[in-house]
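First up is the structure itself, then whatever we jot down about it.
We count residues from 1, following the sequence as given.
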Amino acid sequence: MTATPTIDTEPALLIGEDRLAEASGGTFDHVFPGTGQVNAVIPMAGPEEIDRAVRSAAAAQREWAALPVERRRELMIALARAIDADTENLARLNVHDYAVPIMMAPGQVGLLSKFFDYYAGWIDKVTGQTAPVMGSHDVNMITREPYGVIGVIVPWNGPLVGIAMAVAPALAGGNAVVIKPPELAPLAPLRFGELCREVGLPAGLVNVVPGGPEAGDALVRHRGIGKLHFTGSGATAKKIAVAAADTLKPLSFELGGKSANVVFADANLDRAVMIAAFMGPLTQSGQSCACGSRILVERSIYPEFQERLVAAVAHVPIGDPFDPSMMMGPVVSAAAADRITGTIDEAVRSGTGRLLTGGKRLGGDLAEGYYIEPTVFADVPNSSPLAQIETFGPVVSVMPFDTEDEAVAIANDSDFGLVAYAHTSDFERAHRVSGRLEAGSVWINAFSEIQPSGPYGGYKESGYGRLGGIEGLHEFTQVKNTRITLGS
Ligand code: NAD
């Protein structure tokens, strides 16, 4: 068994100017998924700390909004540079958090700084409009204003990406934030909070309060939260929608997916296979919202595609996520490993498709961690649970289609609509199919790559609201109409 790497920071809640090593939600023994052993004890926020964080954010927001725009822009750019300078540290904390391979962790840190650079550029461009008033010469102004304090709830898979996408536009829009990372991945978010302090953002502008469902619920219900952004599962989003009804709080949701990846016979097959493997079982062991877990392949290339996909995934290096040569690490927890292998076993037992490769937990030196082989099923009916429920593990289904209409119909036959992929060398088809796919993002011959200038978000049960681009800024500002009567 490999040793559990040690962490040299002491986790503490960041509220205003305070670091709280103890909190009312008790403690959580955080387990490193690579070894199954405790690597940190996390103080957990309860409603008391959530209330304190919201109050401190409200005070800081007034200070932030009063700063000249150029000072706010300088501070956001300074934060981006501090993130860049801390890349190695943040990346390692990301690995300690949820065992994303170190090969990929720095990319998430890079995205974090890019979002702050991008939204720093918007700070002095939050412009308004004027509108003519019928029957008078009054001045009518339409402006965008902050909500005040934004609650940001992030998931464990890619917490820095969740923070990047929501916190950068929220601050650019003049808000303060209370970030609630989950108990499974609090370390990198806490370091981000420290960096916000180090560069001189007003104390309390960015509060980081790790906690579980109780803390999340307290944040959702808090009357001091002007808007809540949630990234996570649909099941939790539905509870949040109910809890937020009490205060009629505006919400935006970035949720899960069961994304289709449509491969036409005229595609560049080498590239299509690589993307299907990478955006399927390999990236974060399939624990990605953008996982292309339903791979639809035109029948004439169906046998060859299966062979190539199996060859691409069967021999990827799996192991210690701190080893830079490893492409795949473990899944996040013992419970996740049980759930994923349970899904695989049930599919095999019920004869749902043919298991082409994978399906098992890894043993030997890796037996104490939560490592699962990349797993590919073929001939999976789209109506089966395997094709309809988000597995959130290294499991994909391959299924054949005969016509473009059939491919689109299968792709859209899902409650989700986060992303979709298509592979074709026919530009007209690319354009046509993209318009027919029910998803917030369509990636043609491309990896899914979130970028600050493009809006990201879901159709159907994959959520509502958009982060990235001008849409992201609008998500965190509300519209005011002011009329000034002239000549009264
Ligand atoms: P989750 O829904 O279990 O938890 C997400 C967050 O909600 C955590 O911080 C958790 O502590 C908190 N929470 C739990 N119960 C709550 C409650 N009752 N009230 C308020 N907050 C509560 O999701 P997860 O397992 O952490 O993350 C995986 C899910 O997130 C997957 O479905 C994945 O597809 C989705 N996801 C979506 C995106 C996207 O951009 N669309 C990105 C990453 C992950």
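Applying the ring pair (Phe, Tyr, Trp, His ring centres under 6.0 Å) test to every pair with at least one member in residues 305-335, sequence neighbours left out, gives these pairs: Phe32-Phe322, His96-Phe322. Screening residues 290-301 for salt bridge (charged side-chain N to carboxylate O under 4.0 Å, His left out), with sequence neighbours left out, gives Arg299-Asp402.
Defined by atom type and a distance below 3.5 Å, a donor-acceptor pair is present between the side-chain atoms of Asp379 and Tyr302. For the 3.5 Å distance criterion, the side chains of Asp84 and Ser113 qualify, holding a donor opposite an acceptor.
With a 6.0 Å radius and a threshold of 12 heavy atoms from other residues, nucleotides or ligands, Gln451 has its CD atom above the threshold. Within a 6.0 Å radius of CD in Glu346, more than 12 heavy atoms belonging to other residues, nucleotides or ligands are found.
Residues Tyr119 and Phe476 place their aromatic rings such that the two centres sit no closer than 6.0 Å.
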_For a salt bridge (charged side-chain N to carboxylate O under 4.0 Å, His left out) check, start with the C-alpha distance between Glu461 and Lys238, then their side-chain angles and the critical distance, and finish with the verdict._
CA-CA 10 Å; Glu461 291 195 22; Lys238 288 174 189 178; 3.1 Å; yes
*Give the C-alpha distance, both sets of side-chain angles, the deciding distance and a yes or no for salt bridge (charged side-chain N to carboxylate O under 4.0 Å, His left out) between Glu10 and Arg19.*
CA-CA 10 Å; Glu10 196 194 323; Arg19 299 182 89 258; 5.9 Å; no
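The closest side-chain heavy-atom distance from Leu14 to Asn207 is not below 4.5 Å.
Salt-bridge check for Arg308 with Asp270: passed, with a basic side-chain N closer than 4.0 Å to an acidic carboxylate O.
Rounded to the nearest 0.5 Å, atoms NZ (Lys239) and OG (Ser233) are 7.5 Å apart.
Using the six-membered ring where Trp is involved, Phe28 and His30 have ring planes that are perpendicular, over 60° apart on the 30 and 60° scheme. Ring geometry, Phe401 versus Phe264: the interplanar angle exceeds 60°, so the pair is classed perpendicular (tilted spans 30 to 60°). Between Tyr464 and Phe253, the angle of the ring planes lies from 30° to 60°, which puts this pair in the tilted group.
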